[in-house]
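Here's the structure, in structure tokens; my notes come after.
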Amino acid sequence: MLGLRRTHPDRLLPVEPDTRAIARDLYHRVAERRIISPHGHVDPALLRSDAPFEDPAELFIVHDHYVTRLLHAAGADLASLGIGPGAPKGGSREIWRTLAEHWHVFAGTATGYWLEEELSGVLGIEEELGPQTADRIYDEICERLAQPAFRPRALFERFGIEVLATTDDPLDDLGHHRALRESGLPGRIVPTFRPDAYLDPSQPGFTARVERLLAATGAPATFAGYLAALESRRAHFIAHGAVSADHGVVEPLTADLDPGEAERLFRAVLSGAADPAQQRAFLAHMLFQMARMSVDDGLVMTVHAGVHRNHSRPTLERFGADTGHDIPLPTTFTEGLRPLLERFGLRRDLHIVLFTVDETTFSRELAPLAGFYPAVYVGAPWWFLDAPDAIARFRSAVTETAGFYRTSGFIDDTRAFLSIPARHDTARRADAAFLARLVRQGRLSLPRAERIADDLVDAIPRAVFKL
Amino acid sequence: MLGLRRTHPDRLLPVEPDTRAIARDLYHRVAERRIISPHGHVDPALLRSDAPFEDPAELFIVHDHYVTRLLHAAGADLASLGIGPGAPKGGSREIWRTLAEHWHVFAGTATGYWLEEELSGVLGIEEELGPQTADRIYDEICERLAQPAFRPRALFERFGIEVLATTDDPLDDLGHHRALRESGLPGRIVPTFRPDAYLDPSQPGFTARVERLLAATGAPATFAGYLAALESRRAHFIAHGAVSADHGVVEPLTADLDPGEAERLFRAVLSGAADPAQQRAFLAHMLFQMARMSVDDGLVMTVHAGVHRNHSRPTLERFGADTGHDIPLPTTFTEGLRPLLERFGLRRDLHIVLFTVDETTFSRELAPLAGFYPAVYVGAPWWFLDAPDAIARFRSAVTETAGFYRTSGFIDDTRAFLSIPARHDTARRADAAFLARLVRQGRLSLPRAERIADDLVDAIPRAVFKL
Amino acid sequence: MLGLRRTHPDRLLPVEPDTRAIARDLYHRVAERRIISPHGHVDPALLRSDAPFEDPAELFIVHDHYVTRLLHAAGADLASLGIGPGAPKGGSREIWRTLAEHWHVFAGTATGYWLEEELSGVLGIEEELGPQTADRIYDEICERLAQPAFRPRALFERFGIEVLATTDDPLDDLGHHRALRESGLPGRIVPTFRPDAYLDPSQPGFTARVERLLAATGAPATFAGYLAALESRRAHFIAHGAVSADHGVVEPLTADLDPGEAERLFRAVLSGAADPAQQRAFLAHMLFQMARMSVDDGLVMTVHAGVHRNHSRPTLERFGADTGHDIPLPTTFTEGLRPLLERFGLRRDLHIVLFTVDETTFSRELAPLAGFYPAVYVGAPWWFLDAPDAIARFRSAVTETAGFYRTSGFIDDTRAFLSIPARHDTARRADAAFLARLVRQGRLSLPRAERIADDLVDAIPRAVFKL
């Protein structure tokens with residue numbers, strides 16, 4: 001995929017030589033395959049405008065909360081990293097030096113590994129970052145970014161991206177996506193319907209947001225009108241190429257309410273009169289409704305569960321959301337998803353992909369659920385678990401119960417455009433490593449492993465995400 | 001044990017050559033040792049009648065929910081797999097073809113591994129299953145099944161089974177077991193007392209069942225009568241060779257109630273007037289009473305906890321129980337078992353074997369409990385965790401705290417008779433792999449590892465299950 | 001560090017030869033480095049008096065509940081192991097024989113590994129323990145213990161301990177520590193402030209204890225007086241070299257109460273009128289207050305959470321606390337610590353080190369928390385998790401999210417003085433093994449891994465514990 005990095009051709013592969021040799025062959029089958037990225041957070045404006053990246057800090061640090069969180073833990077104030085409303089726009093070189101000074105804290109982390117891959121594989125910079133090399137590397141990056149070959153569209157092409165999904169507000173007009181489709185970019189940029197803020201009454205601004213939704217679609221302020229408005233926006237997304245709807249919830253709770261009860265709850269949450277239990281019940285019912293709509297319109301339903309968003313209130317108030325302090329919680333799916341699965345779980349045309357940051361659920365709940373319900377797929381390791389060792393643990397925990405064909409294929413889930421190849425490459429290497437071990441242990445034939453390696457990067461994500 | 005399979009003599013063993021060599025030696029010490037199977041679900045009528053197996057679908061698919069669940073997840077309707085009251089009896093070849101067409105979904109799974117071992121090791125079929133080979137393999141299996149050497153008793157003998165425990169209803173007259181004992185079969189078929197349906201008031205039909213129990217034993221409809229009836233049936237089981245009583249519970253909850261309270265609860269649950277909290281308290285007390293009875297009569301107490309049985313109500317209603325949709329739940333033992341352990345946990349003559357499908361409890365609760373209480377043993381990896389990687393995780397999580405001698409020895413827990421050798425062989429290989437690593441890392445001497453390998457398949461299950 | 005054991009120079013290192021070679025080099029860099037032990041339970045009187053160790057049972061068995069618990073599980077009565085108020089003082093040789101007869105139950109355990117290391121590395125006894133060798137080894141140990149080279153101070157010096165933290169009651173006058181500082185011992189013995197029994201109203205004797213605290217400091221019986229008394233004792237500890245305060249809690253729950261509410265709760269808990277919910281709220285607020293005091297006085301705050309202490313009431317009543325039946329519970333930090341972290345979590349001068357025996361929290365909560373909050377560090381694997389495989393799982397679960405520099409460095413947490421070198425050596429080997437794999441997989445350069453290996457035993461614990 002990358003082709004530029006000269007060092008460590010066998011990185012992430014098993015340490016035992018014979019197993020490594022098998023893994024190497026499996027990896028090289030898929031290393032150059034085009035990237036299917038069915039869930040992520042890249043800004044479509046980036047590709048539409050095709051403006052050169054501004055500077056190294058902007059590109060690698062300021063917008064990537066994976067990077068800023070560890071710098072923050074190591075003592076850097078977020079403002080000094082260019083984050084927050086009052087952050088000074090200048091100082092890019094200073095921000096870069098902060099990263100360089102703290103480079104050792106990234107040792108062994110997935111983020112550090114990706115950054116190295118980006119510097120080396122994308123930008124061709126092989127020198128190790130550190131206080132001594134910070135300025136030289138900064139200048140090198142600037143030099144690269146000034147070249148046409150490093151503008152977003154050129155990189156998009158070079159990365160070999162076939163499908164790239166963005167994540168979008170239900171009221172987004174999707175103009176960027178329309179423009180991109182007409183632009184002749186060699187790949188599909190598809191939007192993803194992400195309605196959390198319109199479904200969860202506990203989120204600030206919920207009522208105003210729903211009112212905007214109703215106004216935008218001309219729907220009446222009833223529960224039926226609200227559902228119709230959501231359906232209408234989903235149709236708009238589908239018309240612009242969307243294949244999935246994404247749902248981020250603290251608990252994966254679902255509830256099948258009768259229409260009268262739903263109408264009463266809708267009025268209560270809209271008026272702000274609902275207590276937390278009612279808000280929770282409403283959201284549980286809306287997750288159920290989302291499955292019902294997915295049955296009707298075919299959008300794949302992805303669920304990202306179990307995260308306490310914006311854990312540090314002082315940080316949220318000063319710097320905003322997505323600033324590195326979302327912290328996972330214990331999660332359980334077995335009971336909470338039952339109402340949804342009793343109604344829709346046996347359908348083959350419905351695809352529900354479950355993502356978790358609580359790895360205890362892999363063997364205990366997700367693999368057993370996906371190993372029975374035709375509608376359920378186990379999502380690839382996500383967020384804190386999107387890392388080489390965590391991928392190995394995921395495959396070990398899931399495969400013996402659910403095999404490979406009930407998993408989703410890799411998603412990169414990133415807003416860091418330059419990290420896309422590194423992340424997919426990591427997954428390809430980690431999966432090759434896992435498959436190679438099964439071959440060496442007589443649990444898979446080599447031809448079967450080769451077929452699975454191919455399918456994991458192509459047929460599987462294509463089937464699961466209806467691409 | 002098997003001796004027929006020519007391929008992959010080192011399957012499941014470690015990938016590193018020196019460690020593999022040690023593991024191979026450890027494995028070969030025990031590979032041919034007779035099988036002790038102290039917990040399982042084989043139908044004793046199978047061995048009593050010794051009727052030839054009907055056909056490949058009947059033998060490998062229809063009755064094995066490990067197999068049908070993955071076919072169902074892949075899109076096959078359970079009825080098309082011969083399941084359910086109205087299922088067509090014919091169509092065995094069609095069912096077999098369905099398996100063959102979906103063979104790839106079993107790649108990497110424990111079930112797929114066992115099926116291959118059964119085809120190869122038991123039936124001598126080395127060709128890989130697939131759409132092209134389905135009919136040929138089907139015919140080959142039929143040809144084998146028609147031979148006397150493949151009838152149940154011949155296989156029982158060939159498998160080298162010394163002890164095989166079945167699981168039986170408390171009111172079973174155990175006629176099959178009596179007949180088998182008198183039949184000269186070279187091994188013991190022992191019943192297991194499984195009273196769940198007579199203890200859990202939340203199960204449909206509870207009252208009628210308890211009334212049948214009281215009638216059968218002539219006991220009065222009081223709590224004391226109910227206990228006496230259970231004791232009487234346990235005595236009947238013991239007289240027929242039973243060594244253990246088995247308890248499947250959602251939560252491993254126990255309670256020590258005073259007799260008056262127990263009597264009141266008994267009346268409430270029997271009359272159907274009890275609310276869920278009372279039902280839960282009654283069951284918790286009955287688990288406590290089961291331990292008390294085990295102290296009195298010596299039956300080993302096995303507890304299988306933490307599963308939501310029959311998760312998909314529509315499937316339960318259409319196809320019945322045990323159709324592949326039992327899903328694990330988060331489980332905790334530390335608090336729930338405390339009343340039982342405070343009263344009986346320090347006794348050496350009581351043996352309580354704890355099984356879990358929530359692997360988080362291995363290092364957190366089960367190993368610490370078994371590492372102190374003489375009565376507690378950590379059950380072998382069970383159900384979704386009865387698989388090579390899961391066994392490795394189990395040993396890693398349990399051994400450093402509780403060693404090998406506080407674990408139960410392997411149980412196969414299967415209703416698939418043909419899979420028994422494959423399952424025991426898998427455990428023997430996985431344990432040899434684990435032991436070999438400890439030897440290579442200087443944590444065990446080779447003679448010590450050899451002794452443990454021997455004990456794991458013989459002395460340990462014999463001691464834990466009082467065989 | 002040890003230098004005496006001739007067998008298995010590569011114990012605990014990876015099995016693959018090239019990885020082992022890297023690990024060996026990394027290990028040998030740090031094998032002889034002086035020991036920093038910032039948390040443990042050695043009795044300072046041992047070093048002050050420098051009396052010879054009494055006998056082998058006293059030294060290795062009676063006071064080490066890691067050892068007695070497995071013997072108890074195997075059937076030995078605790079009284080026969082010399083435990084409890086009425087235990088016979090004689091019989092040391094009999095106790096030793098009990099260990100020797102049950103030596104096999106320790107195979108594969110961390111405790112067994114440490115005992116071997118102590119016998120071999122500290123005492124130079126290479127023969128394997130067992131019924132045949134028990135008496136000979138007993139005599140050999142006695143012969144060693146009679147030599148001046150095996151008295152506590154001589155061993156302290158030989159072990160190369162630079163810092164050894166004890167754990168002490170807030171009202172301890174710390175006379176031992178004062179005397180030891182003046183004694184010219186080549187290392188620091190520092191006390192640790194452990195106020196649990198003065199903070200948790202649910203513990204028996206709470207009121208009397210708080211009254212003693214108030215009397216000792218002359219503080220009034222108000223909440224403010226109580227806080228001042230605690231502050232005064234902390235100051236006393238700091239004056240005697242303390243660097244940390246330690247908190248053992250069942251749940252890591254914190255609460256920020258207003259002064260009026262705190263005063264009311266204080267009166268309720270002191271008078272014994274508080275219900276369990278109020279007791280819980282009080283303790284949660286006191287954990288919050290402890291963080292506030294740590295901000296003020298600089299003591300590092302260590303939290304050991306998630307253990308049900310003294311699980312077996314009959315054993316507690318007969319033999320007392322710390323007799324081997326503390327059992328872990330499911331633990332979660334994300335919500336419970338939030339009040340504390342909202343107020344103090346962004347401070348760099350506050351150090352909170354979180355220890356767990358629920359390894360599910362490593363990747364799910366501890367690494368994400370320490371990867372954002374400057375105040376939070378992930379504690380080294382503790383108690384049941386302080387073992388080679390568990391350390392490997394810890395590094396795998398934590399590193400990809402939080403790196404190495406947000407972890408605490410190793411703590412031995414032991415009351416078994418002789419086990420200190422073995423425990424630190426185990427951690428050094430396990431960390432070398434982990435680092436070597438990352439090097440072999442191209443995830444760390446060798447120089448980077450060397451630097452991390454060095455820092456893990458020196459710079460990191462020094463920085464985290466402000467040494």
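Here the structure is a predicted model, which is why all the values come from computation and not from measurement. Here is the naming used below: chain letters follow the sequence lines, and residue numbers restart at 1 for every chain. Reckoned from all heavy atoms, side chains included, excluding hydrogens, waters and symmetry mates.
By number of non-hydrogen pairs under 4.5 angstrom with chain B, the leading residue of A76(C), P330(C), P14(C), A110(C) is P330(C). The candidate with the highest count of non-hydrogen atom pairs below 4.5 Å against chain B, out of P388(C), A433(C), A392(C), is P388(C). Contact count against chain B (heavy-atom pairs under 4.5 Å) is highest for T315(C) among L71(C), V307(C), T315(C). Between chain C and the residues D455(B), T360(B), T399(B), L435(B), the largest count of heavy-atom pairs under 4.5 Å involves T399(B). Ranking G371(B), A449(B), G403(B), A402(B) against chain C, the residue ahead of the rest is G371(B), based on heavy-atom pairs under 4.5 Å. By number of non-hydrogen pairs under 4.5 angstrom with chain C, the leading residue of R348(B), R338(B), R448(B), R451(B) is R338(B). Among R364(B), E16(B), E335(B), the residue with the largest count of heavy-atom pairs under 4.5 Å with chain C is R364(B). Considering only heavy-atom pairs separated by less than 4.5 Å from chain C, the leading option among R395(B), R343(B), E365(B) is E365(B).
Distance check, rounded to the nearest 0.5 Å: CD of E128(C) to OG of S445(B) gives 5.0 Å.
With a 4.5 Å cut-off on non-hydrogen atoms, L385(C) touches chain B through its side chain but not through its backbone. V105(C) touches chain B through backbone and side chain together, each having a heavy atom under 4.5 Å away. Proximity to chain C is absent for every atom of F333(B), based on heavy atoms less than 4.5 angstrom apart. Using a 4.5 Å cut-off between heavy atoms, A436(B) makes no contact with chain C at all. Looking at F106(C), neither its backbone nor its side chain comes within 4.5 Å of chain B, counting heavy atoms on both sides. Only the backbone of T323(C) comes within less than 4.5 Å of a heavy atom of chain B; no side-chain atom from C-beta onward does. Looking at T401(B), both its backbone and its side chain come within 4.5 Å of chain C, counting heavy atoms on both sides. Both the backbone and the side chain of H104(C) come within contact range of chain B, with heavy atoms under 4.5 Å apart. Proximity to chain B (any heavy atom under 4.5 Å) is shown, for H72(C), by both the backbone and the side chain. Within the 4.5 angstrom heavy-atom criterion, only side-chain atoms of L438(B), from C-beta onward, approach chain C. There is no contact between A375(B) and chain C, counting heavy-atom distances below 4.5 Å. In this structure, the portions of R440(B) lying under 4.5 Å from any heavy atom of chain C include both its backbone and its side chain. In this structure, chain B has a heavy atom under 4.5 Å from the backbone of L13(C), while its side chain stays farther away.
In plain terms, the two heavy atoms of G108(C) and F404(B) that are nearest each other are CA-CE1, 4.3 Å. When every heavy atom of T334(B) is checked against every heavy atom of P328(C), the shortest pair comes out as OG1-O, 2.7 Å. Scanning all heavy atoms of the two residues, the minimum distance from A367(B) to R69(C) falls at O-NH2, 3.8 Å.
Between D18(B) and R20(C) there is no salt bridge, since no side-chain nitrogen of the basic residue lies less than 4.0 Å from a carboxylate oxygen of the acidic one.
Using a 4.5 Å heavy-atom threshold, the side chains of L346(B) and P314(C) count as touching.
Listed for the E400(B) side chain is a donor-acceptor partner under 3.5 Å among the backbone atoms of D389(C). Between the side chain of H325(C) and the main chain of F372(B), no donor-acceptor pair closer than 3.5 Å is present.
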- Check step by step if ring-ring contact (aromatic ring centres under 6.0 Å, His included) holds for H311(C) and Y373(B). CA-CA 10 Å; H311(C) 190 264; Y373(B) 287 104; 5.7 Å; yes
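No more than 12 heavy atoms of other residues, nucleotides or ligands shown are found within 6.0 angstrom of CZ on R313(C). Atom CZ of R280(B) sits in a sparse spot, with 12 or fewer heavy atoms from other residues, nucleotides or ligands closer than 6.0 Å.
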